[in-house]
Amino acid sequence: MAEVLVYVDHVDGAVRKPTLELLTLARRIGEPVAVALGAGAAGTAAVLGEHGAVKVLTHDASEYADYLVVPKVDALQAAVEAVSPAAVLVPSSAEGKEIAARLALRIGSGIITDAVDLEAGDEGPVATQSVFAASFTTKSRISQGTPVITVKPNSAAVEAAPADPAVSELSVTFSAQATGTKVTGRTPRASTGRPELTEAAIVVSGGRGVNGSENFAIIEALADSLGAAVGASRAAVDAGWYPHTNQVGQTGKSVSPQLYIANGISGAIQHRAGMQTSKTIVAVNKDAEAPIFDLVDYGVVGDLFDVVPALTEEINTRKG
């Protein structure tokens, strides 16, 4: 069976959930070969093996931390040359998509970004995408070179498939461009204790109807009762009610959780583009004609200031 390279997104050896999802998808089209780079890379092998990786290629060098994405592109190119894979899968983060685009250009291949599903085809892997603000679903494959595909988080359930991976060190020669852009400083983001927005299984968002930054406390309370991430519409972000890092939509982040709860959000196309692939969508809005209701699985016509606290109380009661 052909091998499939999976780029490992990890923090000091702690593998992030989107990588485990990629391993599930990779097993549909071949045997997963994981590529882990940077500090802690060697410590990822156990977790990767539990989720189906038959090989783990590791490489640690200061360049991965001191410079931007080019060293990682150099390493993935070396992995492609060493393995000759049937495809390369990369998480669909901002960094992941830049790495994938640069890699595809380097190896003369096509690229598909933001896939939401993957299946084996007679002429190579077939990727499903949600396009034109999620108004259409397309299936496509790459016809030239080794397919490079980025996959959105929450596109597949994480499935254990224990394997005993062969761990080896990848031989990497960094290009002259690798040290062209140096990282001069980092500021850790203050932790809220909530899941990362793009990776969360549940997202609770607030929009213009929240009517003020102080009122986002009720959105946060509902999110915390569900163990969810907090999102916001562009209107709420532009008004300064919530940070831009939490914006969901065409000019913000795209999310695809199991459950998306939209509160006081009208459902403009820009917002729908960022959340329409959610598995189950619930909306709370006092305007029965709001466009968001054309999209939802469950809709509540009512004042969010009455509905959301009542829902939070009921959830906490059932949990207690």
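In this text, all values refer to a predicted model and were calculated from it rather than measured experimentally. Numbering starts at 1 and runs along the sequence shown.
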Under the side-chain contact (heavy atoms from CB on, under 4.5 Å) rule, collect the residues that match up with Leu311, sequence neighbours excluded.
-> Leu222, Ile315

Donor-acceptor pairs are to be reported for all side-chain atoms of residues 109-124 against protein atoms at under 3.5 Å, with residues two or more places apart or in another chain.
unit_1, atom_1, unit_2, atom_2, d
Ser109, OG, Thr146, N, 2.8
Ser109, OG, Thr146, O, 3.1
Asp114, OD1, Ser92, OG, 2.6
Asp114, OD1, Lys97, NZ, 3.4
Asp114, OD2, Lys97, NZ, 3.4
Asp117, OD1, Arg28, NH1, 2.6
Glu119, OE1, Lys139, NZ, 3.0
Glu123, OE1, Arg141, NH2, 3.1

With sequence neighbours excluded, give me every salt bridge (Lys or Arg N to Asp or Glu O under 4.0 Å) pair touching residues 286-310.
-> none

Among Thr198, Thr277, Asn154, find the residue that satisfies the side-chain hydrogen bond (donor to acceptor under 3.5 Å, both in side chains) test when tested with Ser256.
-> Thr277

Output every pair passing ring-ring contact (aromatic ring centres under 6.0 Å, His included) with a member in residues 181-221, not counting sequence neighbours, ordered by first then second residue.
-> Phe216-Tyr242

Are Lys72 and Glu95 within salt-bridge range, i.e. N to O under 4.0 Å?
-> yes

Check: Asn215 side chain, Val210 main-chain N or O, donor-acceptor pair, under 3.5 Å = yes

Is it the case that more than 12 heavy atoms not belonging to Lys55 sit under 6.0 Å from its NZ atom?
-> no

For Glu50, the salt bridge (Lys or Arg N to Asp or Glu O under 4.0 Å) test, sequence neighbours excluded, returns none

What salt bridge (Lys or Arg N to Asp or Glu O under 4.0 Å) pairs are there with at least one residue in residues 233-252, not counting sequence neighbours?
-> Arg234-Asp238

Do Glu313 and Thr317 have a side chain donor and acceptor closer than 3.5 Å?
-> no

Can you tell me if Ser278 uses its side chain to pair, donor with acceptor, with the backbone of Ile281 under 3.5 Å?
-> no

Out of curiosity, Ile265 CD1 to Arg208 CZ, how far, rounded to the nearest 0.5 Å?
-> 11.0 Å

Residues forming a side-chain contact (heavy atoms from CB on, under 4.5 Å) with Val301, sequence neighbours excluded | Ala288, Phe293

Salt bridge (Lys or Arg N to Asp or Glu O under 4.0 Å) partners of Lys152, counting only residues at least two apart = none

Between the side chains of Asn246 and Lys253, does any donor sit under 3.5 Å from an acceptor?
-> no

Partners passing side-chain hydrogen bond (donor to acceptor under 3.5 Å, both in side chains) against Glu314 (at least two apart in sequence or in another chain) = Arg318

Just jot down the salt bridge (Lys or Arg N to Asp or Glu O under 4.0 Å) partners of Asp66, sequence neighbours excluded, or say none.
-> none

Audit row: Ser205, Tyr260, side-chain hydrogen bond (donor to acceptor under 3.5 Å, both in side chains) steps and yes/no = CA-CA 8 Å; Ser205 288; Tyr260 187 88; 2.8 Å; yes

For Glu98, which residues count as a salt bridge (Lys or Arg N to Asp or Glu O under 4.0 Å) partner, sequence neighbours excluded?
-> Arg102

Could you pull out all donor-acceptor pairs under 3.5 Å where a side-chain atom in residues 177-187 meets a protein atom, sequence neighbours excluded?
unit_1, atom_1, unit_2, atom_2, d
Gln177, OE1, Ser175, OG, 3.3
Arg186, NH1, Ala65, O, 3.3
Arg186, NH2, Ala65, O, 2.6

